[in-house]
Amino acid sequence: MQPRGGPLSQLRRGHEELVLDLLRRHGPLSRSELGKRCGLSRTTLHDILTVLLAGGAVVTSAQDTAPRGRGRPAETLTLNPDAGQAIGIDFARRAVHVAAVNFAHEIVGSASEPHAADLPWEDRVELAERLVGTLTGGALRLGALNAIGVGVVGPVGDPGDGAASARRLDGLPGLLRKRFGVPVLVDNNTRLAALAESIWGAAAGGQDVLYLRLSHGVGGGLVVGGSLHRGMYGLSGEFGHITVDPAGARCDCGGTGCLETVASIRAVLDAYNVAGGRADDVPALVAALESGDAVALDLLRDVGTRIGIVLAALCNAIGPGVIVIGGELTATGAALIGPVEEALSAHILPISRHRVHLRRATLGEAAGALGGIALVLHESPLLSRYPATEPDPAEDS
Ligand SMILES: [Zn+2]
């Protein structure tokens, strides 16, 4: 890894990006074609290509149409489809999700594996490394990797919360830097999922998007006026901690009766089992719903109604054009989404009723990891006013 940040390294980085971008836009080019298009001196281009070839970002191949007979056949340079430019990792509560993008900015693959909720960071990082190793059938090269975008549970980005964030992340960025040798950007994993859904998924092209994820936790993210919203203290999107029942159960956040206490996976399964049902996981609950189990249907109606009321309140406050609902609990399908839609429609400002489109998320469990990649590439207009969130370097020194 070259030293970063200095003016010379930034200049070289800029030149590398220029060359990579030309290959991205034009496909394979010969050295002389690249030279004409990039405007760099012969020596500079030679140096840049030497670095890109050595790292594996760019590969050479003999040009089929080259004139034969005299000298060496003309050589073309092309982006290596198996070289990773950026990795996204979502360290969710009970699973690690990874995804990678190559220098052509194509997603080359994603992978996930569940784990126990209390697995230490060292083991989660090891799991992430192993999962990255499985992408592209194990052919993924990381010699030219630029950076890793990481999603974690909980607020990220509060400048006044350095010590608390450091405790929670417990050296995670340092562990990743040690393993992969590249900078690590960290943000809230659900906000990253919202970003990915707004770039590539159910809300692609949306300028005002509300994303809600119903998983082991309940959270979300907002795109407001074409920008991913982080909030003053990195707290934007904590929809799971909106109170839905002031006399309700205690929440992990320290509050009482939060949406998460009724709409998380655990909360729904517990409520179902208390009501006489029997399901240890979401697939079992889905099976009960499919068999027409009235207890399960009634419960999902109640949960969906509470979610819909919260969404209506959020819509009235923010005015999104699209609501995206993701997370494992959406596998319950119409039993949940139907009541959500009904309550949303009943409680939203009438003028907004037919202007907000509710959609299911399309990127699945890889959404957070894909958002990490978007954060690293920093190309989406949704991020043009969004700061890159690198953790305090002192934290893992
Ligand atoms: Zn809470």
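Leu23 is connected to Leu18 through a chain of hydrophobic side-chain contacts under 4.5 Å among Ile, Leu, Val, Met, Phe, Trp and Tyr, so both are in one cluster. Hydrophobic clustering (ILVMFWY, side-chain heavy atoms < 4.5 Å, transitive): Ile318 and Leu259 are in one cluster. Cluster annotation: Leu311 is connected to Val218 through the hydrophobic network of ILVMFWY side chains, with a link wherever side-chain heavy atoms come within less than 4.5 Å. In the hydrophobic cluster analysis, where Ile, Leu, Val, Met, Phe, Trp and Tyr join through side-chain heavy atoms closer than 4.5 angstrom, Leu175 is grouped together with Val182. In the hydrophobic clustering of this structure, Phe239 does not group with Leu192; members are Ile, Leu, Val, Met, Phe, Trp, Tyr whose side-chain heavy atoms approach within less than 4.5 Å, directly or through other members.
With values rounded to the nearest 0.5 angstrom, Leu228 atom CG is found 10.5 Å from Ser384 atom OG. Distance check: Glu260 CD to Arg266 CZ gives 13.0 Å after rounding to the nearest 0.5 Å. The CD atom of Glu129 lies 4.5 Å from the CZ atom of Arg179; values are rounded to the nearest 0.5 Å. In this structure, CD1 in Ile309 is found 12.0 Å from CG in Leu314, a value given to the nearest 0.5 Å. Taking CG of Leu131 as the start and OG of Ser112 as the end, the distance is 7.0 Å to the nearest 0.5 Å. Atoms OH and CD, on Tyr233 and Glu238 in that order, are 15.0 Å from each other to the nearest 0.5 Å.
The shortest distance between side-chain heavy atoms of Ile348 and Asn316 falls below 4.5 Å. Proximity of Tyr211 to Thr190: side-chain heavy atoms (C-beta onward) are separated by under 4.5 Å at one or more points. In this structure, Val303 and Tyr272 have side chains that are not in contact, with every pair of non-hydrogen atoms separated by 4.5 Å or more. A heavy-atom distance below 4.5 Å is not found between the side chains of Glu328 and Glu365. Put simply, the side chain of Asp208 reaches to within 4.5 Å of the side chain of Val224, judged on heavy atoms. Between Leu79 and Asn102, the closest side-chain pair of non-hydrogen atoms is not below 4.5 Å. Between Asp82 and Leu140, every side-chain heavy-atom pair lies at or beyond the 4.5 Å cut-off. In this structure the side chain of Leu176 reaches within 4.5 angstrom of the side chain of Ile89, judged on heavy atoms.
Of the possible polar contacts, none joining the Asp187 side chain to the Gly372 backbone as a donor-acceptor pair under 3.5 Å is found. Using modelled atom types, no side-chain atom of Arg359 and backbone atom of Ala203 make a donor-acceptor pair closer than 3.5 Å. Side chain of Thr330 to backbone of Gly326: no donor-acceptor contact under 3.5 angstrom is found. Between the side chain of Glu197 and the main chain of Leu363, a donor-acceptor pair closer than 3.5 Å is present. Between the side chain of Arg191 and the backbone N or O of Ser236 there is at least one donor-acceptor pair closer than 3.5 Å. In terms of modelled atom types and a separation under 3.5 Å, the side chain of Thr50 and the main chain of His46 share a donor-acceptor contact. Of the possible donor and acceptor atoms, one in the side chain of Thr76 sits under 3.5 Å from a partner among the backbone N and O of Ser61. Using modelled atom types, no side-chain atom of Thr243 and backbone atom of Pro246 make a donor-acceptor pair closer than 3.5 Å. With His378 contributing its side chain and Tyr386 its backbone, the two residues share a donor-acceptor pair below 3.5 Å. Remark: side-chain polar atoms of Asn80 are not paired, donor with acceptor, to backbone N or O of Val58 under 3.5 angstrom.
The two residues Pro339 and Ala334 come nearest to each other via the heavy atoms CD-O, 3.5 Å. Residues Ser198 and Val223 share a closest heavy-atom pair of OG-CG2, 3.5 Å. Nearest heavy-atom pair, Val295 versus Gly277, reported as atom, atom and distance to 0.1 Å: CG1-N, 4.5 Å. Across Leu285 and Ala296, no two heavy atoms sit closer than the pair CD1-CB, 4.2 Å. Closest approach of Leu329 and Leu336 over heavy atoms only: O-CD2, 3.9 Å. Scanning all heavy atoms of the two residues, the minimum distance from Ile323 to Cys315 falls at CD1-SG, 3.5 Å.
With a 6.0 Å radius and a threshold of 12 heavy atoms from other residues, nucleotides or ligands, Arg353 has its CZ atom above the threshold. Environment of CZ in Arg25: crowded, with over 12 heavy atoms of neighbouring residues, nucleotides or ligands closer than 6.0 Å.
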query: Under the side-chain contact (heavy atoms from CB on, under 4.5 Å) criterion, do Gln85 and Val376 qualify, and how do the steps go?
result: CA-CA 9 Å; Gln85 180 177 9; Val376 168; over 6 Å; no
- request: Go through the steps for Val51 and Arg12 under the test side-chain contact (heavy atoms from CB on, under 4.5 Å), then give the verdict.
  value: CA-CA 10 Å; Val51 171; Arg12 191 179 58 78; 3.8 Å; yes
side-chain contact (heavy atoms from CB on, under 4.5 Å) between Leu77 and Leu52, worked out: CA-CA 10 Å; Leu77 297 138; Leu52 292 175; over 6 Å; no
task: May I have the step-by-step check of side-chain contact (heavy atoms from CB on, under 4.5 Å) for Arg213 and Asn189, ending in yes or no?
output: CA-CA 10 Å; Arg213 177 150 75 177; Asn189 63 342; 3.5 Å; yes
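For the side-chain contact (heavy atoms from CB on, under 4.5 Å) criterion with Leu22, the lone passing option out of Glu17, Glu33, Arg37 is Arg37.
With 3.5 Å as the limit, one finds a donor-acceptor pair spanning the side chains of Glu379 and His105.
For the pair Arg24 and Asp21, the salt-bridge criterion is met [side-chain N within less than 4.0 Å of a carboxylate O].
Scanning for side-chain hydrogen bond (donor to acceptor under 3.5 Å, both in side chains) contacts around Thr136 gives an empty result, with sequence neighbours left out.
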